[in-house]
Structure formats: C-alpha cells, structure tokens
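Residue numbers start from 1 in every chain, and the chains themselves are labelled A, B, ... in the order their sequence lines are given, proteins ahead of strands.
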Protein chains: 2
Amino acid sequence: MGQKITIKEVAKQANVSVATVSRVLNGRDRVSKETKEKVLKVVKELNYVPNTTAVSMITKQTQMLAVVVPDIENPFYTAVIKGAVSVARQEGYYVFVFSTNDNVKEESIFFESAQGRNVDGVILVGAHKEEAFYKSINKPVVLVDRYIEESGLDGVVINNFRGAYDATTHFIENGHRNIAVIIGPQDFNDGTERYWGYEQALKDHNIEPVNEYYKEGDWTEKHGYESTFELMNGSNPPSAILGANNMICQGAIKALRDLKLEIGKDISLIGFDENDIAEFVEPRVSVVKRPTHEMGVHATEILIQKLTKKESTSTVPKKVTLGCELLKFGSVRNLRNGG
Amino acid sequence: MGQKITIKEVAKQANVSVATVSRVLNGRDRVSKETKEKVLKVVKELNYVPNTTAVSMITKQTQMLAVVVPDIENPFYTAVIKGAVSVARQEGYYVFVFSTNDNVKEESIFFESAQGRNVDGVILVGAHKEEAFYKSINKPVVLVDRYIEESGLDGVVINNFRGAYDATTHFIENGHRNIAVIIGPQDFNDGTERYWGYEQALKDHNIEPVNEYYKEGDWTEKHGYESTFELMNGSNPPSAILGANNMICQGAIKALRDLKLEIGKDISLIGFDENDIAEFVEPRVSVVKRPTHEMGVHATEILIQKLTKKESTSTVPKKVTLGCELLKFGSVRNLRNGG
DNA sequence: TTGAAAGCGGTACCAG
DNA sequence: CTGGTACCGCTTTCAA
C-alpha cells in the first residue's frame, strides 16, 4: 500500500545509476537519448512517482501553500480560497486550508506547528492584531483583507473606506440623513476603515454622526438582527441602515422582515458583500461588492512571486488595494423626489 | 527564514548525542532526569522544532489527510470538511482540502500527484463512477456521500432513499397526488436512491409516477429554477415539488417567487439539505436535513482508525449509513382538511 | 555521458 | 542510560 517502488528500483531495472534516473526525470544534465528512453520506459512500466517527501528534504521546498482563514464556512473566505487555489494549482502548488475560528489561540497553534511542518508560504486572514505576531512568522506571508498598517508586510486588501463612503454617500444623495451603521469590532482595519468611510461621508455632507445610530458588535447575523430591532424600535428610527458585512446584512434583512418593514420603502438598506439573502429578497438589496476571488488570486500571485524570485525588488513591501463596487438595486428609497 | 536549527545543533549545545535529543523529544527510551532537563532547556532556548519532513521520511507518515470534494463553495461540503477537520485536529492530523469541480479529470490529476505526495489517507466525495478508479487508489480511503455499492469500500453515506421516501410520503399524507421531483443525474447513488425513495413512496400509495413530473438535470440552482417554471407552466401543474438538493431547492423557491406562487398555498415544496433561502422564506421550507457535519466526523474517525489500528478487523468493510431528518415547516399544504 | 558517494534531518538499532 | 551509525529516497557535486 502506498509508495513502494523507489528510484533505486527504477535504476536497477534500467541498468543505470540512481543519479542517471534522477537526471532523466529532472532534465538537469545531458543524458544520452538511449539511456533516457530506457529509463523512461521503466518509469512508465513501474508507474514510478518520486517521493515528494524525500525531494522536499533536499530542495527545502514542499510546493505547499497554507491558506489560513477565520471560517471555512463563510462564503467570503471560500471565495478567497478558491481564488488562491486556482493560481496555486496553475503554478504547481498545493493548498492546505486551515480554519482558525477567528481565534488567536488556534491561529498561534497553527503557526507553531507549521514551523516544522513545511509549507513554503502562507496566505493569511489573520486573527491577531499585533504586528509582532506577523513578524514572528518566519515564512513568507501575504496578508489578506486584514492588514496591519505601516507594518511593511505584504498584503492584499480592499478599500473598505471607499466602500463604506460610497454606500453612505448613496444614502445621502437620496435624501437620507438618519443613517445607521451596524458594524463589527473596531480593533482591525476592516472594521475601522468602514466606520471611517461612513463617518467621513456624513461629515462631508454636514451630518453629525449620532451615537444612537452606531451599533458595534460581532460580525454575525445575530448582531445584525438584534441591532436592527433596537434601531427600529428606538425613539428615533433611522431611515437607512448600512450593514457592514454579509452576516450582519442577512441579520438585518431577517429583522426587517420580522418587523414587517418593507425594504426600499419603510427602510433603506445597503450591505457589505454579496449574500444569498440580499440577492433573494425583493427589492434586491444593494451591496458593496468586494472582489473576493481576486483577493485570493492576487495574494497567491504575490506569494508565489516572493517564493520564486528571490532577488528582484523583494524588499519593497507590496500592499495591493483592490476597489469595491456599489451594486445598486432597489433597496434605497429616494426621499428627494417625494418618493 | 524558515527551518534553521536542527537536532544536531541542539545535541551540540546540550553536549549530548543526537540520539539522546531524539529520545528526550519522543519519550521513547528512558533518559536520566538531568540530561532530559538539559536537552529541554536547549530546545526551548533555540526554539527548536523538529523538521516534519525528515520525520516523515522515516515514519512513512505525514499526519496529513486529504479531503477531496466537488466544490469548496457548496455549504454542504464545507460542513463535511469542518467535521473532518475537527476530528483530524484532535487526533493530530492536518487536513488538506482539494476541490475537483466535480470533474473526473481533475480528480484523477489529484490522485496521480497524490501518489508521491504523502497524505496518509483520503476522504473523498468522488466524481468518478467506476469502482475500478476507487480501487486503484493505493491509499486508505473513506468515501463520503457517494458510494459504490457492493464495492467493499469504506464509506459514510446517508439514507437517501429514506429521506426522499419520507418527504414524498409527507406530501401524500397531506393529500397530494400530483407530486413532481426535480433531481440530479441518475448515475450515482445520491441521485438514484433519492429517486427510488420518491418512486417507492408513490407506489406504496398507489400513485403511478408520471413522466411529466420527473425533471432530471444537474444539481444546480439553474436546473431547479428552470424545471419549476416548466412544471408550473405545464398543462397539468403538480401540487407539490420535491427539490432533491440544496441548490435545486433554492432555484425552485426563486422560480416560485417569480411565478408569484405562494409556497404552502399555491404549491407545496420540500427540499433536500438546509439552505439559507429555504430558511428565510415564509413559510419556511421543509427540508430533509442531512447530518453533514457528522458525515465528515464519522468518515475521519473511520479513516484514522484504519490508519492507526493496522491489525483488528480492518478487512471488514465499514459502510456507515446515517439517517436524515424531515424538518417540517409550513411549506406543505394540507389538501385533506379542505385546507 | 555516467556512476559513486556525500548528505538533507531525523529515528532506531546495536554496543558500551 | 547514552553514543555511534546505518539508513529513509532523493539530488547533487566530483570523478571517471
């Protein structure tokens, strides 16, 4: 069972040395046509496949990449993974997925054991907030989505600020002034940048942010659901809500349904990230679409480039910022045209 | 960068032999307390972690499991993966996810390259239909969801027949006789068993299956959507529809919405597998719930058991069949009580 | 063009 | 209880 025949066996049957077999297989040195064919024939007959573990010992490379995400069941991350996998496969790498449950401890455990375990590089949507952690990883890393500013680390992020800014501005342009935001923790760029975008859009239009309209919590459906209830049952319900990620948005939609409020009429809503529910309801909910797949693609390209081109300008940190797109459907009511 | 210090370095600094260091680390033989502490101290100081590649060369084990699924973006499979990961991690294994796009070719490519690449075992939701393929994999394998009957392979499946039978019976008990089924290809047990369950339930209640009510296609939302349109726009629309997987069910729900048909009133619907949309709509759509997470858990348990207990009754094929549960909500109208 | 041999970083057997 | 050493399967000088 498993790996049986070795290069030695091939060499013996082909009546050559193991060195020659190795040469033929890797095309390194010149080998006479005859011996080459002879070796290849035996390789085929024996169905020989080199043992990658042994190869790794010598090359110090495993051709394996780790993709570490908070939650493998969140469509946002599976899209990133899929993007990463497509590039990796193309370049002859294998991808090894690890889910941390957005837990700092589990993430640490991974990196401790990954120390000896050989992955050539890592694509990481990190749970840690300390720059020190990322710098302690002694393997090439590319950060995705979450990024530590000024850290000099490689990363692929999206313009969260812009996304939130555009969404909020869209509300304002439609005459909304009582705009609430339901958002996740403000301890990472994904959260803070979105809040800043929201806040800046308000300020640019001379609207003072109101504490009552600010709902910070987890990036969960539950938070979206409960916050929406609180907002709408408050003394001064907003006319518009920005749900700052896919789960929160889903929660908001469900809450509005349960509150018997009609989206696009009684309440306006914009979400962050596409999601099944937002796509399903009528009117379809406008969302800030993030290029999830592309994030995985870019990150992997950068990583592999780091892995292969050792020279070059590898000292220059590469932080790629991708734009997002506001997909406008009918979930924002126009308050201006008396609508 | 990467793996630098070796066991040799530790041995030198601790003034012992590499053999001793190895002993301390693996706790194999007895080592004096003093040397043990001495070694451990150096290990800590140097932050030494054994090179797993080297260990694998000797042990012939990598502690890595592959989970091969058709689509990493389908929630059904991510649930299976998560189940597998949880068990694997507990047992000290790492999981390596591979997505085949339900493509026979891609699946083959994986196994060809996995030949030399060392994973200790494989959990597989296969795309291949030939028993020969599965038997040619010279690594311990546990099949999940899709299974080749009489093959003697290990597998974890669910009782598709029962699930479809129960759902169909539920329709019948509510007075339905014109029951349609939208289903995937009939070339694998997941498809055939569900159809048989549907068919048997009809026959057991003296209802003759009608060709018009049978919609075979892909396991996609598109198929669900289009088939629903065809059914409802047909000359003799059914009063009930069984959507035989999550994607088909979602498609059906969207189609019914676009057709302005009210679920549970104008048309009754039951889906297979839980999904966001079915959960969201009102009334919530009844579904046959499959124990997805458990499938991953069981499969991994079986696999690891095969890997560790070499002796024992390992020759006895283990096919585990898990039951499913019909979650009844309000999507089936009772035609009997004049309802 | 080819072969012999020295490792890669560990483990495990055999002495001592 | 500890050290020396022969490998694991392969790549890569160094010679021939």
Side-chain angles (χ1 to χ4, degrees), chain A residues 1-40 42-43 46-64 113-120 138, chain B residues 1-40 42-43 46-64 113-120 138:
Chain A
M1 186 171 302
Q3 184 73 15
K4 284 229 162 173
I5 41 135
T6 69
I7 196 172
K8 215 179 237 166
E9 187 62 28
V10 176
K12 189 197 280 179
Q13 299 227 13
N15 252 339
V16 294
S17 70
V18 292
T20 300
V21 177
S22 176
R23 283 187 190 103
V24 172
L25 261 29
N26 297 302
R28 287 250 182 286
D29 303 299
R30 309 230 120 271
V31 184
S32 79
K33 214 170 212 167
E34 298 158 13
T35 41
K36 188 173 175 180
E37 283 169 359
K38 195 167 55 179
V39 170
L40 254 24
V42 176
V43 165
L46 267 48
N47 212 341
Y48 166 72
V49 180
N51 180 326
T52 45
T53 306
V55 176
S56 293
M57 282 244 350
I58 299 162
T59 62
K60 305 292 179 198
Q61 302 204 146
T62 58
Q63 298 298 111
M64 305 231 317
S113 58
Q115 193 92 23
R117 183 153 304 271
N118 292 319
V119 292
D120 293 346
N138 53 7
Chain B
M1 186 173 304
Q3 185 75 13
K4 285 226 160 174
I5 40 137
T6 69
I7 196 172
K8 216 178 237 166
E9 187 61 28
V10 175
K12 190 199 279 180
Q13 299 226 14
N15 254 339
V16 292
S17 70
V18 291
T20 300
V21 176
S22 178
R23 281 186 193 103
V24 172
L25 261 29
N26 297 303
R28 288 249 183 286
D29 303 298
R30 307 231 122 272
V31 185
S32 80
K33 214 169 211 170
E34 297 160 15
T35 41
K36 188 173 174 181
E37 283 170 359
K38 193 166 59 176
V39 169
L40 253 22
V42 176
V43 165
L46 267 45
N47 212 341
Y48 166 72
V49 180
N51 181 328
T52 45
T53 306
V55 175
S56 293
M57 283 239 357
I58 300 162
T59 61
K60 304 291 181 201
Q61 303 206 145
T62 58
Q63 299 297 109
M64 304 232 318
S113 58
Q115 194 92 22
R117 183 154 304 272
N118 293 320
V119 291
D120 295 344
N138 54 7

**Request:** Examine distances only and state if a side-chain atom of D120(B) and a backbone atom of Q63(B) form a donor-acceptor pair shorter than 3.5 Å.
**Result:**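 Here the side-chain-to-backbone pair exists.
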Would you tabulate the side-chain donor-acceptor contacts of residues 8-15 of chain A under 3.5 Å, counting partners in other chains and residues two or more places apart, or write 'none'?
from: E9(A); atom 1: OE2; to: Q13(A); atom 2: NE2; distance (Å): 3.2

**Prompt:** What salt bridge (charged side-chain N to carboxylate O under 4.0 Å, His left out) pairs are there with at least one residue in residues 46-56 of chain B, not counting sequence neighbours?
**Reply:**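 Every candidate salt bridge (charged side-chain N to carboxylate O under 4.0 Å, His left out) pair involving residues 46-56 of chain B fails, so no pair, neighbours aside, qualifies.
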Indicate whether OP1 or OP2 belonging to [N] is found under 4.0 Å from a side-chain N or O atom of [X].
X      : N       : answer
T53(A) : dC8(D)  : no
Y48(A) : dG9(D)  : no
T35(B) : dT2(D)  : yes
S22(A) : dT11(D) : yes

**Non-neighbouring partners of S22(A) that pass side chain to side chain contact (heavy atoms under 4.5 Å, CB included), sequence neighbours left out** =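 So S22(A) forms a side chain to side chain contact (heavy atoms under 4.5 Å, CB included) with I7(A), N26(A).
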**Message:** If the condition is side chain to side chain contact (heavy atoms under 4.5 Å, CB included), which residues does I58(A) pass it with, not counting sequence neighbours?
**Reply:**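 With neighbours one apart ignored, the set is empty.
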**Request:** Kindly write out the residues that satisfy side chain to side chain donor-acceptor pair (under 3.5 Å) with T59(A), not counting sequence neighbours, or none if the list is empty.
**Result:**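 Here no residue qualifies.
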**Prompt:** Who are the side chain to side chain donor-acceptor pair (under 3.5 Å) partners of T20(A), not counting sequence neighbours?
**Reply:**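 Here the qualifying residues are S17(A).
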**Asked** Taking five pairs at each end of the helix from dT1(C)-dA16(D) to dG16(C)-dC1(D), what angle separates the two helix axes (nearest 10°)?
**Response**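 The value is 50°.
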**Message:** Counting the atoms with a prime plus P, OP1 and OP2 as sugar-phosphate, which does T59(B) contact under 4.0 Å by heavy atoms, base, sugar-phosphate, or nothing?
**Reply:**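 Answer is nothing: T59(B) stays at 4.0 Å or more from every strand.
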**Request:** Identify whether any heavy atom of V16(A) sits under 4.0 Å from a base atom; if not, whether one sits that close to sugar-phosphate; answer base, sugar-phosphate or nothing.
**Result:**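 Counting heavy atoms under 4.0 Å across all strands, the contact made by V16(A) is with sugar-phosphate only.
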Distances under 3.5 Å only, N/O to N/O: pair up the protein atoms with those of nucleotides 13-15 of chain D.
none

**Item:** V18(B) or T20(A), whichever maps to the more 5' nucleotide of DNA chain C
**Value:**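 By nearest-heavy-atom nucleotide position, the 5'-most residue is T20(A).
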Restricting to nitrogen or oxygen on both sides, can you table the protein-nucleotides 6-8 of chain C pairs closer than 3.5 Å?
from: dC8(C); atom 1: O3'; to: K60(A); atom 2: NZ; distance (Å): 2.6

**Prompt:** Out of dG10(C), dG3(C), dC1(D), which has the shortest distance to the side chain of S17(A)?
**Reply:**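 Closest of the options to the side chain of S17(A): dG3(C).
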**Prompt:** Of all the nucleotides listed (dC10(D), dT2(C), dT2(D)), which has the minimum atom distance to the side chain of I7(A)?
**Reply:**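 That would be dC10(D).
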